[in-house]
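Each remark here refers to the structure printed beneath this line.
Quick note: numbers below take in every heavy atom, side chains included, and nothing from hydrogens, waters or symmetry partners. All chains are named by letter (A, B, ...) in the order of the sequence lines, taking the proteins before the strands, and each is independently numbered beginning at 1.
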Protein chains: 2
Amino acid sequence: MPSIRILFGIRVRKLRQALGISQEELAFSSNLHRTYISDIERGMRNVSLDNIYKIAVALDISPKDLFDF
Amino acid sequence: MPSIRILFGIRVRKLRQALGISQEELAFSSNLHRTYISDIERGMRNVSLDNIYKIAVALDISPKDLFDF
DNA sequence: ATGTGACTGAGAGTCCGTA
DNA sequence: TTACGGACTCTCAGTCACA
């Protein structure tokens, strides 16, 4: 069982690619840094609530859907 | 619209009370500090993935269900 | 049984690069 | 377009005494 960081990262990547946007575009629309998005998708970051929310909004889904794994 | 921290805290409190356990008991089973649980339930903490997971496990639900609001 | 202020060490999150 | 590194600031994790 991969850690929640890995699962979360995979989920973000999948949803981002479904929208056909780059990490940089997601970074811009979520108001987070490009390298930070990269780290998240690779399961390297322990993302906290506020940023979970920002990412969900940028991906046009609810926070709940980010945990659909 | 309350912030995600507030919503998350309300959700944790509701689920904890549904189990009929105290903050102290949840703290013990999630391996977090009692006052930290208190802070979370009052929306004072920007909880990150690892602790979201610990709380979900202690409440015997999936992380996703913590965002059911 | 819970709320709250204060504190320190760890790590969240940014920004500069290079490949 | 993304991975990854170094270096930086600031916030979160985790704990305590006390209300």
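- Closest-nucleotide positions on DNA chain C for A/K54 and B/M44 were compared, and the one nearer the 5' end corresponds to B/M44.
- The stretch residues 25-37 of chain B touches DNA chain C through B/R34, B/T35, each having a heavy atom under 4.0 angstrom from the strand.
- Considering CD of A/E41 and CG of A/L26, their distance stands at 7.0 Å, rounded to 0.5 Å.
- Of the side-chain N and O atoms in B/N51, one or more sit less than 4.0 angstrom from OP1 or OP2 of D/dA13.
- In this structure, the side chain to side chain contact (heavy atoms under 4.5 Å, CB included) partners of B/I61, at least two apart in sequence or on a different chain, are B/L15, B/A56, B/L59, B/D65, B/L66.
- Note on B/R16: a side-chain N or O is less than 4.0 Å away from OP1 or OP2 of C/dT2.
- Nearest-nucleotide assignment on DNA chain D puts the 5′-proximal partner with A/S38, out of A/D50 and A/S38.
- Protein atom CG of B/L49 is 15 Å distant from nucleotide atom P of C/dG11, rounded to whole Å.
- The shortest heavy-atom contact between A/E24 and A/R34 is OE2-CD, 3.7 Å.
- Going from atom CD1 of A/I52 over to atom C1' of D/dT11 covers 15 Å, rounded to whole Å.
- The aromatic rings of B/F67 and A/F67 lie parallel to each other, their planes meeting at an angle below 30°, with 60° marking the opposite boundary.
- The side chain of A/R5 lies closest to C/dA12 when the candidates are D/dT15, D/dT2, C/dA12.
- Rounded to whole angstrom, the span from the CG atom of B/D39 across to the C1' atom of C/dT4 amounts to 8 Å.
- The A/S22 side chain lies nearest to D/dT1 when the options are D/dA3, D/dT1, C/dT2.
- Taking side-chain N and O atoms only, B/R42 has a distance below 4.0 Å to OP1 or OP2 of C/dT4.
- Comparing D/dA3, D/dA13, C/dT2 by their closest approach to the side chain of A/Q23 singles out D/dA3.
- Under a hydrophobic-cluster definition in which Ile, Leu, Val, Met, Phe, Trp and Tyr are linked whenever side-chain heavy atoms come within less than 4.5 Å, directly or via other members, A/F69 and A/L49 are assigned to the same cluster.
- For A/R45 against C/dG11, no side-chain N or O and base N or O form a donor-acceptor pair under 3.5 Å.
- Smallest separation of non-hydrogen atoms from A/H33 and A/A27: C-CB, 3.8 Å.
- If you check C/dG3, D/dA13, C/dG13 against the side chain of A/S48, the one that comes closest is C/dG13.
- A side-chain hydrogen bond (donor to acceptor under 3.5 Å, both in side chains) with A/S48 is found for one member of B/N51, B/D50, B/N46 and no other, namely B/N46.
- The side chain of A/N46 places no N or O atom within less than 4.0 Å of a non-bridging phosphate oxygen (OP1 or OP2) of C/dG11.
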